[in-house]
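Source: prediction; values computed, not measured.
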Amino acid sequence: MHVPPTNYAPPTAPRRHRRSRALGFAALAVSLLMAFPTAQSAFGEESADLVGGGDLGPNVLVFDPSTPDIQGKVDEIFKKQESNQFGTDRYALMFKPGTYSDINAQIGFYTSIAGLGLNPDDTTFNGDVTVDAGWFNGNATQNFWRSAENLALNPVSGTNRWAVSQAAPFRRMHVKGGLNLAPDGYGWASGGYIADSKIDGQVGPYSQQQWYTRDSSIGSWGNGVWNMTFSGVEGAPAQSFPEPPYTTLETTPVSREKPFLYLDGDDYKVFVPAKRTNARGTTWAGGTPQGESIPLDQFYVVKPGATAETINAAVDQGLHLLFTPGVYHVDQPIEIDRANTVALGLGLATIIPDNGVTAIKVGDVDGVKLAGLLVDAGPVNSETLVEVGPEGASGDHSANPTSLQDVFVRIGGAGPGKATTSIVVNSDDTIVDHTWVWRADHGEGVGWETNRADYGLTVNGDDVLATGLFVEHFNKYDVQWNGENGKTIFFQNEKAYDAPNQAAIQNGDTKGYAAYRVADSVTTHEGWGMGSYCYFNVDPTIRQQHGFQAPVKPGVKFHDLLVVSLGGKGQYDHVINDTGSPTSGDTTVPSQVVSFP
């Protein structure tokens, strides 16, 4: 986003536009503070079975309450990562169960912080986990790619600050106080996502333009700007779109929380939460959550330098995958064809496909869990980056769906990248829970053809559910939905800023490609709390026919839609199809459709 909304006025200077930053830093040498009893086989070894378990490498730091100078170590990581937006360093800060006092863990790029208890309250900070925007002059619209999970916080001031934008999940957190989602000085922010968390006090979004909260408990909610959506949230404000712009569902139809690493005594395991239907509130409010614990020795611990061939051999052998923080180049797809396989990344582990291959392919099988991974397109065009199920997949996975959680995609920004379609979902019943699929608008390797990427997410499977769907800047359709009985709860989109002129985005007789298109063949589809924004800064005269396109059928329903022209840089003629008033002027007033049809 680039232009302040009219219904929130910060007390500081006007919002600054995003700008290019690609900063490199030398890698930080850190010591691992934990060890595992089994050693990992050498990468590429074909004569012997791969060994599960092992150490987690140098960029996972594990602390306990007796660790000396915790604050100094955390500060050292933050100093490296605060503005390291397109660097290659990756870190996971892990805290054993216990109580930690006088901690302010500031979290920068590609840094994850997490407790190692089975429940958030097992690991308590008398202190804060902070994201602010000092590095960007108080503007939080580029605070991407970081996370906080599985901790309880007693904030020093009574309120914890988490001023983030996309790809910055706040999961399984217990804030024993309030939560402020804006930067110091109330500069602009464009987030965000909370799940399976309890905030005892008030959540204050302030300048946050949009936000999605799922299956949580909050004391209260402070305000709304454009698009605030809740599903399964105890204490959520009542449905009231468009004034204030709250979209509230009592429950989430289907959900399954993200797998996480934890300590069972001295043994490291990964907990895989159970699927829930019509979920409301946290999974851990009643004590031990429902799900399965998998010992670490059943995981192949993937480290930088591992090849796709070795990773695939581990899956074929029956091992799950735990990617340690780092950047991985693959010259063939990582193929997961075994039901119930967990592929979990720590510290925003990043996969880059070489020579135009697909980075990850999931078979048409039950219960695969992809989580905590960033897929970064390579300079040679990939037809797809992530495929869930092969073309024509038809298996029934309703009892045990595959899920993607905190699986992010980036085309350009860190360097030249191209991909025709970022994510393709062919398998029925898939859950896409919190993704940011981003064709870069700033950084290195950015331009209308330089980081060409026509489609963000394409859904061909039936009964697919998206919760927390962020897709931005694609050359054509950001989302193309072809499957039956799809559902999306919360959608945030910006059309590509850099369209050179009207002709470049012309779609036959239609002006521009919709941000979210449901195929004419679809008879049943539903969406809640969905927004699209335009900022055609190269040619502000561009007109976009609509933000949303869908067949007019009784089973196709949308609730609480809006489009926004940011600063009058381009205009929407309608919200959905030919319904909804046009955006106008430079006042950033959204045009809204409460329901469709």
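When the shell of 6.0 Å around CG of D316 is examined, it contains more than 12 heavy atoms from other residues, nucleotides or ligands. Residue Q317 places its CD atom among more than 12 non-hydrogen atoms of other residues, nucleotides or ligands, all under 6.0 Å distant. Within a 6.0 Å sphere centred on CD of E449, heavy atoms belonging to other residues, nucleotides or ligands number more than 12. Around atom CG of D266, no more than 12 heavy atoms belonging to other residues, nucleotides or ligands sit under 6.0 Å away.
A 4.5 Å side-chain heavy-atom check between F109 and L348 finds every atom pair outside the cut-off. For the pair Y477 and L457, the minimum side-chain heavy-atom distance is 4.5 Å or more. Inter-residue side-chain proximity for N150 and M173 is flagged as unmet; no heavy-atom pair is nearer than 4.5 Å. Looking at T358 and E383, their side chains never come closer than 4.5 Å, going by heavy atoms from C-beta outward. A 4.5 Å side-chain heavy-atom check between I411 and W438 finds every atom pair outside the cut-off. Contact check for L93 versus I77: side-chain heavy atoms found under the 4.5 Å cut-off. Here the side chains of S147 and I113 are not in contact, with every heavy-atom distance at 4.5 Å or above. Using a 4.5 Å heavy-atom cutoff, the side chains of P273 and P289 are not in contact.
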Show, in sequence, the C-alpha distance, side-chain angles and deciding distance for T350 and R90, and conclude whether the side chain to side chain contact (heavy atoms under 4.5 Å, CB included) test is met.
CA-CA 9 Å; T350 301; R90 305 285 186 270; 2.9 Å; yes
Would L321 and V342 count as a side chain to side chain contact (heavy atoms under 4.5 Å, CB included) if you check the C-alpha gap in whole Å, the side-chain angles of each, and the deciding distance to 0.1 Å?
CA-CA 6 Å; L321 302 173; V342 177; over 6 Å; no
Would E472 and Q492 count as a side chain to side chain contact (heavy atoms under 4.5 Å, CB included) if you check the C-alpha gap in whole Å, the side-chain angles of each, and the deciding distance to 0.1 Å?
CA-CA 8 Å; E472 296 190 297; Q492 184 266 322; 2.9 Å; yes
Assess the residue pair K303 and D55 against the criterion (side chain to side chain contact (heavy atoms under 4.5 Å, CB included)); give the C-alpha distance rounded to whole Å, side-chain angles, the decisive distance to 0.1 Å, and a yes or no.
CA-CA 10 Å; K303 296 178 182 176; D55 70 82; 2.9 Å; yes
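Residues N451 and R439 have side chains that bring a donor and an acceptor to within less than 3.5 angstrom of each other. E484 and H525 share no side-chain donor-acceptor pair at under 3.5 Å. When only modelled atom types and interatomic distance are considered, S532 and E494 share no side-chain donor-acceptor pair under 3.5 Å. With 3.5 Å as the limit, one finds no donor-acceptor pair spanning the side chains of N312 and E309. Counted by atom type alone, Q298 and H320 present zero donor-acceptor pairs between their side chains at under 3.5 Å. Residues T252 and S231 bring a donor and an acceptor atom of their side chains to less than 3.5 Å of each other.
The aromatic rings of Y110 and W145 sit parallel, their planes meeting at an angle under 30°, below the 60° perpendicular limit. Aromatic ring orientation, Y100 versus F95: perpendicular (interplanar angle above 60°, classes split at 30° and 60°).
Between F470 and the choices W211, F408, Y516, F490, the ring-ring contact (aromatic ring centres under 6.0 Å, His included) rule is met once, by F490. Partner of F144 under the ring-ring contact (aromatic ring centres under 6.0 Å, His included) criterion, out of W436, F86, F136: W436 alone.
A salt bridge links R452 to D454: one of the charged nitrogens lies within less than 4.0 Å of a carboxylate oxygen. Comment: R256 does not engage D433 in a salt bridge, judged by the lack of any side-chain N to carboxylate O separation of less than 4.0 angstrom.
Between P401 and K275, the shortest heavy-atom contact is CD-CD, 3.7 Å. Taking both residues in full, the closest heavy atoms of A148 and V129 are given as CB-CG1, 4.2 Å, listed atom of the first, atom of the second, then distance. Closest approach of V375 to A359, counting heavy atoms only: CG1-CB, 3.7 Å. Residues T288 and N119 share a closest heavy-atom pair of N-ND2, 4.3 Å. Residues R172 and P120 share a closest heavy-atom pair of O-CG, 3.1 Å.
Put simply, the side chain of N426 never gets that close to the backbone of G392: no donor and acceptor are under 3.5 Å apart.
D428 meets the salt bridge (Lys or Arg N to Asp or Glu O under 4.0 Å) test with no other residue; sequence neighbours excluded.
Counting only residues at least two apart or on different chains, the ring pair (Phe, Tyr, Trp, His ring centres under 6.0 Å) pairs with a member in residues 325-350 are F323-Y328.
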